Structures are given as structure tokens and as C-alpha cells.
Amino acid sequence: MKIDVLALFPEILAPALQTGILRRAQEADKLAVNVHNLRDWATDKHKSVDDYPYGGGAGMILKPGPIFSALADLNPGQTAHVIYLTPQGTPLTQALAESLSLETHLILLCGRYKGVDERVRDRLVTTEISIGDYVLSGGEIAALVLIDAIGRVLPGALGDYESAQVDSFSHELLDHPHYTRPAEFEGMQVPEVLLSGHHDNIEKWRYTEALRRTAQRRPALLQKLELTAEDIAILKAAGLTELK
Ligand code: ADE
């Protein structure tokens with residue numbers, strides 16, 4: 001997987017790309033991330049990449065010229081999947097991150113100011129993605145969120161790949177509670193079942209808690225799932241049926 005990022009503030013991405021799973025994925029050649037400064041494709045002596053909006057109003061718009069030139073260099077065969085990070089995009093989900101992790105070449109375009117000239121979207125962008133219903137000062141942090149979500153599910157990237165498979169949202173449920181030693185801390189006990197060594201009971205407890213947590217915190221997520229008769233029985237036993 002190769003990811004090219006086109007940004008006005010590339011330095012925002014560097015530290016996160018050099019840390020943890022993203023660092024290891026790159027060292028293991030599972031992932032190559034190159035961050036480019038859009039100003040490198042500006043042609044005037046001030047290296048300007050933005051201009052006033054036609055029709056007036058506040059804010060600046062990223063000009064099409066430097067972005068088209070950059071994409072001509074980074075995507076000459078037009079085979080890459082070009083993603084523009086914007087609050088107007090498709091909401092990022094685990095399923096979207098997992099499907100993007102199967103691509104071979106992504107180009108992430110980070111906006112700033114009022115965003116890009118519409119012709120960039122019309123001609124160059126494959127997919128627009130939003131990381132949530134709020135407005136960031138630019139797309140760099142959103143690109144980082146996307147790279148992180150993709151990087152950790154790349155086959156072979158996460159040392160303990162299984163832990164990505166069973167975490168929140170891979171089963172479309174929120175995660176169950178976790179505990180480590182000591183068994184008693186400041187008067188608070190670890191649930192007995194987790195100390196029992198009885199694997200089936202532990203799995204059942206974890207699944208019940210994941211269902212309970214999802215029902216309580218994110219009922220809309222649960223509405224979308226096909227619950228089995230057993231799931232419904234578990235929810236009923238936990239007094240949570242009215243949510244379904
Ligand atoms: N750029 C600014 N805000 C954003 C958001 N919420 N998601 C993606 N890109 C953005």
C-alpha cells in the first residue's frame with residue numbers, strides 16, 4: 001500500500017507517521033507514506049496556492065492549477081484512488097477503512113481555508129471522506145486519522161492482528177470491558193468470571209457486555225444489526241429489550 005499525501009502543512013503528519021503501528025508498518029514495507037507540500041507545485045514567485053472566491057465572500061479557495069500539476073506527477077497513470085478530506089464527504093467507518101486497506105495506491109488531498117476549487121472535485125477526486133460532523137482547520141489531521149485506521153488493518157501490519165479483528169466495530173459492536181492485574185484495586189474487584197479460567201463462560205460474558213454497552217451507548221448501531229434469538233435473549237436478561 002502506497003499513500004501520497006498532498007498538504008499545505010505536511011509537518012503536522014510527520015510525528016504520527018514515525019510512531020507505533022504506522023512506523024512498524026512502514027519499516028516492514030507493508031506501507032509507504034510520502035507527504036508532499038502543495039506549494040512545491042505553485043508557479044509564481046510567492047508560491048501561492050490559494051485565491052479569492054469568484055462571487056465574493058470570506059475565505060480563500062485552493063486554486064486548481066497546483067493541485068492538477070501535483071496529481072499529474074503523483075498519479076500519471078490515473079490508477080490511484082484519490083481521496084479528498086472534507087466535512088462534506090462520506091462518513092469514515094471501520095468498514096470503509098477496511099475496504100480502503102485493500103487498495104494499492106491512495107492519494108489524500110488535504111484542504112485548507114474554504115476548500116478546493118470545485119473543478120478539482122469534478123475531475124480528480126474519486127471519493128470524498130469526512131471523519132465526523134465538525135470542521136477542522138484543515139484536512140491534515142483527518143488524513144492522519146484515515147491513515148491510522150487503514151494502517152492498523154493492513155494484513156501483517158499489526159503485530160497482534162487478531163486484536164484488530166476482535167476490537168470494537170470489527171464485529172459492529174462496541175468493545176466489552178477489559179481488566180488486568182491486580183484482581184482487586186482500591187476495593188474494586190475484577191468480575192469473577194474472568195478469573196475462572198472457564199473459556200466459554202468468559203467469551204459469553206464478553207459478548208453480553210459488548211451487547212449491553214452497545215445497547216446503552218449506541219442504540220442506533222444495534223438497530224442496524226441482525227440480532228439472533230440468543231442476542232435478544234441476552235438483551236432481555238439484561239433488561240435492555242426496549243431498545244430493539
Ligand atoms: N477537513 C476539515 N474538517 C474535516 C472533517 N470533519 N473531515 C474531513 N476533513 C476535514
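Both ligands and their constituent atoms are indexed starting at 1 by order of listing. Remember, it's a predicted structure, so these values are computed and weren't measured experimentally.
- Ligand 1 lies nowhere less than 4.0 angstrom from a heavy atom belonging to Gly111.
- Scanning all protein heavy atoms for the shortest distance to atom 6 (N) of ligand 1 gives Tyr134 O, 2.8 Å.
- Close contacts between ligand 1 and Leu85 involve ligand atoms 8 (C), 9 (N) [criterion: under 4.0 Å to a heavy atom].
- Using a distance-only test at 3.5 Å, with no hydrogens or angles considered, a donor-acceptor pair links the side chain of Asn75 to the main chain of Thr79.
- If you number the atoms of ligand 1 from 1 as listed, the ones under 4.0 Å from a heavy atom of Ser130 come out as 6 (N), 7 (N), 8 (C).
- If you check which protein heavy atom lies closest to atom 7 (N) of ligand 1, you get Ile131 N, 3.0 Å.
- Residue, atom and distance of the protein heavy atom nearest to atom 3 (N) of ligand 1 are Leu136 N, 3.0 Å.
- Using a 4.0 Å cut-off between a side-chain N of Lys or Arg and a carboxylate O of Asp or Glu, Arg212 and Glu209 qualify as a salt bridge.
- For ligand 1 and Ile129, the ligand atoms under 4.0 Å from any heavy atom of the residue are 8 (C).
- Nearest protein neighbour of atom 10 (C) of ligand 1, counting heavy atoms only, is Pro87 CD, 3.7 Å.
- Ion pair Arg121/Glu128 flagged as a salt bridge, since at least one NZ, NE, NH1 or NH2 atom sits closer than 4.0 Å to an Asp/Glu carboxylate oxygen.
- Close approach of ligand 1 to Ala142 (heavy-atom distance below 4.0 Å) involves ligand atoms 8 (C), 9 (N).
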